[in-house]
Amino acid sequence: MSKIQITFPDGREQEYDQGITAMDIALDISEGLARNVLAARVNDVVVDASMPIQDDASLALLTWNDEDGKSTYWHSSAHLMAEALEALYPGVKLGIGPAIETGFYYDVDTGDRSISTDDFKAIEDKMLELARTKSVYTRKDVSKADAIAYFQDKGDEYKLELLEGLEDGEITFYEQGNFTDLCKGPHIPHTGSIKAIKLLKVAGAYWRGDESRPQLTRIYGVSFPKKKELDAYLELLEEAKKRDHRKLGAELELFMFSDKVGAGLPIWLPKGTAVRQRLEDFMKAEQLKRGYQPVITPHIAKKELYVTSGHYEKYGEDSFQPIQTPREGEEFFLKPMNCPHHCEIYGHRPKSYKELPIRIAEFGTVYRYEQSGELHGLTRVRGFTQDDAHIFCTPDQVKEEFLNVLDLTMHVVKKLGFDSFTAQISLRDPDNREKYIGSDENWEKAESAIIDACAESGMETVTAYGEAAFYGPKLDFMIRDALGRSWQLGTIQVDYNLPERFELEYIGADNEAHRPVMIHRAPFGSMERFVGVLIEHCAGKFPLWLTPEQYTILTISDKYEDYAKELKTTLDTLGLRGTIDDRAETIGRKIRDAEVKKIPYMLIVGESEAEARQISVRRQGDGDVGKMSPQEFADLIEQES
RNA sequence: GCCAAUGUAGCUCAGGGGUAGAGCACUUCCAUGGUAAGGAAGGGGUCGGUGGUUCAAUUCCACUCAUUGGCUCCA
């Protein structure tokens with residue numbers, strides 16, 4: 001028998017018989033490992049652990065600790081759920097059932113019956129029962145004719161439609177227990193490793209995402225090899241619920257919505273405004289240091305502006321419709337973007353190359369018509385303020401300016417306590433070039449500018465095709481919050497196209513007119529979205545430099561009100577902000593209320609404090625810190641900020 | 001925008017063809033308190049909005065608005 005060379009991820013090489021499977025190799029290493037192997041990556045392709053390997057190959061054994069291992073596990077769980085559904089609901093028709101970021105779903109057509117969360121328990125139980133049979137997931141090559149015959153016989157038109165798009169010879173079925181599905185795999189070895197299952201939600205989803213097609217029932221679930229892991233995950237969901245910025249925003253009186261004002265139009269209450277303005281001040285100061293010039297532009301502009309920019313053609317129908325002047329009938333749009341205004345600023349007089357780069361910054365409020373079903377708290381709204389700026393520079397300044405923006409973005413993200421993020425290079429969809437404006441040449445320049453600058457910064461990036469803006473490629477920052485969830489916040493875009501459409505120029509050293517390059521950037525993205533994410537990240541406990549109230553003075557009784565007032569004046573002078581709670585309530589009550597309001601420090605004053613000119617300090621969530629002077633308290637806050 | 005669910009006091013929620021209830025919050029009074037809810041009394045609702053059925057609608061029906069979960073979208 002001929003031998004093949006297997007290379008492991010650590011670089012180790014070993015010889016095995018041709019046709020050996022990943023599972024055999026795992027068994028060769030250790031039985032414990034073999035038990036945990038879910039799938040294998042052979043030459044960068046994820047395959048069944050039972051697939052024979054015929055040639056020299058690199059091999060990684062995938063377990064629950066690998067992303068690909070998990071998603072294979074969840075995909076297999078989707079098949080298990082489908083098997084359970086077929087058992088419980090005979091005649092159910094199946095759409096698709098993939099793994100998702102966390103868990104899996106299956107789209108099913110249950111005919112006249114409907115499935116609700118009340119049915120989850122029964123489905124979960126059935127799944128567990130089937131899982132315990134340790135049914136093996138078996139791969140089977142099938143001819144197209146046989147596959148069609150199988151699903152025709154079963155009466156599953158969705159699978160038949162999927163088959164239409166497949167070539168004969170590439171069709172495989174997977175079987176486990178009494179269940180057979182059209183699937184290209186891979187799958188885990190057997191159902192026995194699926195030990196803990198929770199179905200999470202049920203929702204309607206159109207077949208193939210097309211609203212003219214039938215609506216299927218999508219059942220979402222998640223599964224784990226250990227009950228403990230499921231419990232931890234459910235706890236995480238609970239924690240996320242507690243941190244929901246919509247809930248905390250209402251409780252802490254940060255922002256509100258009003259039916260009369262309109263959906264998706266956040267109203268910032270005094271405390272929310274206090275947080276937001278501190279963020280804005282921080283950014284403004286940082287930008288001034290870095291050579292940005294603040295500007296202010298109107299909230300509406302003539303349609304003409306957006307015809308020039310291309311936004312009208314692209315989004316005109318999907319914008320708030322124009323408002324008109326009563327006499328002349330001129331059409332004005334609520335501004336959905338700040339860049340066209342900023343282009344006008346750049347173009348208002350001839351520019352010399354000596355002036356570049358010009359960095360124009362504005363906290364610009366924009367209005368976009370988002371579909372009603374999309375609105376969500378502060379993270380998806382119809383009116384929001386971008387920490388926007390546009391850098392106009394020469395082509396050979398692009399890289400340096402881009403790197404400067406990267407540096408600024410890192411700086412602010414880290415300052416806010418987001419330690420982990422990924423950067424996504426968003427490029428054109430190569431198959432759909434008509435969605436974008438501008439020449440291929442401009443696009444290639446802009447795309448390579450981003451790719452080169454990222455490479456030079458040494459930052460890790462992922463590339464996403466089809467995610468670019470219509471006028472240029474982007475670098476999007478996906479910030480990971482305290483619960484490990486990813487949010488798209490800041491963005492940097494390199495744009496060769498708008499300067500062309502606005503005929504922007506500068507006079508170069510050669511005394512000729514040249515086209516500047518434009519960099520769009522917003523490190524926070526939008527203030528609304530950023531504050532929303534920040535609330536969830538810090539669970540409503542803002543860092544001291546941001547929090548609306550750093551302390552509250554709690555009086556033991558009304559006898560100490562004078563001392564409390566005096567104290568507040570002292571703390572004002574020391575640059576701290578806070579309030580006095582002199583309600584006729586017990587100290588226990590005042591402490592509880594301050595705890596619930598997440599005020600970082602409670603300063604308790606009674607007889608002993610008034611006499612000693614001191615305060616008893618209590619840290620939110622931690623309890624008593626001890627007595628100290630106002631100055632010592634100010635130092636403590638200073639230290640912690 | 002599409003599908004589904006939900007909408008009762010500031011908040012969380014109960015109720016149900018004969019115009020409403022709890023806890024918390026709020027107001028007043030009593031208690032002058034020592035590290036997460038002191039006691040008592042009181043005020044507060046066109047039951048999301050509009051229209052319809054009915055002797056009578058908060059309850060049933062239609063439409064509409066909003067919210068939630070998905071789908072599609074996101075300059």
Side-chain angles (χ1 to χ4, degrees), chain A residues 105 107 114-117 200-220 244 246-247 250-251 253 256-264 306 309-316 318-319 335-340 366-377 379-382 384 386 388 435-437 467-472 474 488 491 493 495 498 520 522 526 529 554-561 583-597 602-609 616-627:
Chain A
Y105 67 78
D107 283 346
S114 68
I115 293 180
S116 79
T117 50
L200 296 167
K201 44 195 172 203
V202 51
Y206 297 104
W207 173 235
R208 304 202 134 176
D210 181 345
E211 63 187 63
S212 67
R213 310 294 304 274
Q215 193 171 44
L216 307 182
T217 303
R218 176 169 298 177
I219 303 172
Y220 288 87
D244 190 318
R246 292 166 300 179
K247 179 170 148 20
E251 281 173 11
E253 300 187 302
M256 59 170 276
F257 291 89
S258 149
D259 283 4
K260 283 207 184 70
V261 172
Y306 302 108
S309 72
H311 288 97
Y312 180 75
E313 194 194 347
K314 187 82 186 166
Y315 293 105
D318 298 320
S319 292
K335 84 172 165 190
M337 284 294 287
N338 302 299
C339 38
V366 297
Y367 297 90
R368 298 177 184 176
Y369 174 77
E370 302 288 356
Q371 300 182 64
S372 57
E374 297 306 327
L375 302 175
H376 182 91
T379 58
R380 195 77 190 270
V381 290
R382 284 178 171 165
F384 57 97
Q386 299 173 305
D388 212 357
K435 274 166 57 186
Y436 307 94
I437 60 167
E467 295 293 316
F470 75 92
Y471 50 73
K474 308 189 283 181
Q488 188 186 322
T491 179
Q493 305 167 5
D495 180 6
L498 283 191
H520 309 239
S526 97
R529 191 172 168 77
L554 310 181
T555 52
I556 295 285
S557 84
D558 54 13
K559 286 188 235 158
Y560 311 108
E561 271 173 33
R583 289 174 304 158
E585 292 292 349
T586 59
I587 193 65
R589 180 35 157 319
K590 291 181 188 180
I591 286 168
R592 182 185 150 77
D593 289 349
E595 287 281 348
V596 169
K597 279 154 80 182
M602 284 149 268
L603 309 181
I604 295 158
V605 296
E607 191 177 354
S608 61
E609 290 83 1
S616 281
V617 178
R618 181 191 163 98
R619 177 89 172 105
Q620 199 268 352
D622 284 346
D624 199 358
V625 182
K627 283 200 174 80

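Proteins get letters first, then strands, A, B, ... in listed order; numbering begins at 1 in each.
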From [options], pick the nucleotide closest to the side chain of [X]?
| X | options | answer |
| --- | --- | --- |
| Gln215(A) | rC3(B), rG69(B), rG34(B) | rC3(B) |
| Arg368(A) | rG34(B), rA75(B), rA36(B) | rA75(B) |
| Arg218(A) | rA36(B), rA75(B), rC71(B) | rC71(B) |
| Lys201(A) | rC73(B), rG70(B), rG1(B) | rG70(B) |
| Ser616(A) | rC74(B), rU35(B), rU72(B) | rU35(B) |
| Glu585(A) | rG38(B), rU68(B), rG1(B) | rG38(B) |
| Glu370(A) | rG70(B), rU68(B), rC74(B) | rC74(B) |
| Asp259(A) | rU68(B), rA66(B), rA75(B) | rA66(B) |
| Ala203(A) | rA36(B), rA75(B), rG70(B) | rG70(B) |
| Glu595(A) | rA36(B), rA75(B), rU35(B) | rA36(B) |

Testing Arg218(A), Arg208(A), Gln215(A) for side chain to side chain donor-acceptor pair (under 3.5 Å) with Asp107(A), which one passes?
-> Arg218(A)
Between Tyr369(A) and Tyr315(A), does the ring centroid distance fall short of 6.0 Å?
-> no
Sub-6.0 Å ring centroid separation between Tyr436(A) and Phe470(A) | no
For the [atom1] atoms, the ones on [N] and on [M], what distance do you get once it is rounded to whole angstrom?
| N | M | atom1 | value |
| --- | --- | --- | --- |
| rA57(B) | rG48(B) | P | 16 Å |
| rU19(B) | rA56(B) | C1' | 10 Å |
| rG69(B) | rA62(B) | P | 26 Å |
| rG10(B) | rG43(B) | C1' | 13 Å |
| rA36(B) | rC24(B) | C1' | 15 Å |
| rU8(B) | rU58(B) | P | 15 Å |
| rG45(B) | rC30(B) | P | 27 Å |
| rU72(B) | rC3(B) | P | 15 Å |

Please determine if a side-chain N or O atom of Ser557(A) lies less than 4.0 Å away from the OP1 or OP2 oxygen of rU32(B).
->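 Result: no.
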Along RNA chain B (nearest heavy atom to each residue), the more 5'-positioned of Ala205(A) and Ile591(A) =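 That would be Ile591(A).
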Tyr105(A) or Ala584(A): which one's nearest nucleotide on RNA chain B is closer to the 5' end?
->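 Nearest-nucleotide comparison on RNA chain B picks Ala584(A).
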Just checking [X]: base, sugar-phosphate only, or nothing, at a heavy-atom cut-off of under 4.0 Å?
| X | result |
| --- | --- |
| Ala250(A) | nothing |
| His376(A) | sugar-phosphate |
| Asp558(A) | base |
| Ser309(A) | nothing |
| Tyr220(A) | sugar-phosphate |
| Gly588(A) | sugar-phosphate |
| Arg246(A) | sugar-phosphate |
| Lys314(A) | nothing |
| Ile556(A) | base |

[X] [atom1] to [N] [atom2], straight-line distance once rounded to whole Å:
| X | N | atom1 | atom2 | value |
| --- | --- | --- | --- | --- |
| Tyr369(A) | rA75(B) | OH | C1' | 16 Å |
| Asp624(A) | rA36(B) | CG | C1' | 13 Å |
| Lys260(A) | rG49(B) | NZ | P | 11 Å |
| Gln386(A) | rC74(B) | CD | C1' | 12 Å |
| Asp244(A) | rG69(B) | CG | C1' | 12 Å |
| Glu251(A) | rG10(B) | CD | P | 17 Å |
| Phe257(A) | rU68(B) | CZ | P | 8 Å |
| Gln371(A) | rC3(B) | CD | C1' | 13 Å |

Pair [X] + [Y]: basic N to acidic O under 4.0 Å:
| X | Y | result |
| --- | --- | --- |
| Arg619(A) | Asp624(A) | no |
| Lys590(A) | Glu585(A) | no |
| Arg618(A) | Glu595(A) | yes |
| Arg380(A) | Glu370(A) | yes |

pi-stack flag for Tyr315(A) and rA75(B), centroid dist under 5.5 Å, interplanar under 30° | yes
Can a donor-acceptor pair be found between the side chains of Glu609(A) and Ser616(A) at a distance below 3.5 Å?
->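 Yes, side-chain donor-acceptor contact under 3.5 Å.
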With pairs defined as Watson-Crick or G-U wobble and both distances under 3.5 angstrom, please note down RNA chain B as a dot-bracket string, | for pairing with another strand.
-> (((((((..((((....[..)))).(((((.......))))).....(((((..]....))))))))))))....
Non-hydrogen atoms of Arg246(A) and Gly377(A) that approach each other most closely =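 Nearest pair, atom of Arg246(A) first, then Gly377(A): CG-CA, 3.6 Å.
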Heavy-atom closest pair, residues Met337(A) and Cys339(A) =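 Looks like CE-SG, 3.1 Å.
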Whether His520(A) and Tyr471(A) hold their rings parallel, tilted or perpendicular, with breakpoints at 30° and 60° | parallel
Determine whether any donor atom in the side chain of Gln488(A) lies under 3.5 Å from an acceptor atom in the base of rC74(B), or the reverse, and answer yes or no.
->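 Answer is no: no donor-acceptor pair is held.
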Would you state whether a donor and an acceptor, one from the side chain of Arg618(A) and one from the base of rA36(B), lie under 3.5 Å apart?
->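 Donor-acceptor pair under 3.5 Å: yes.
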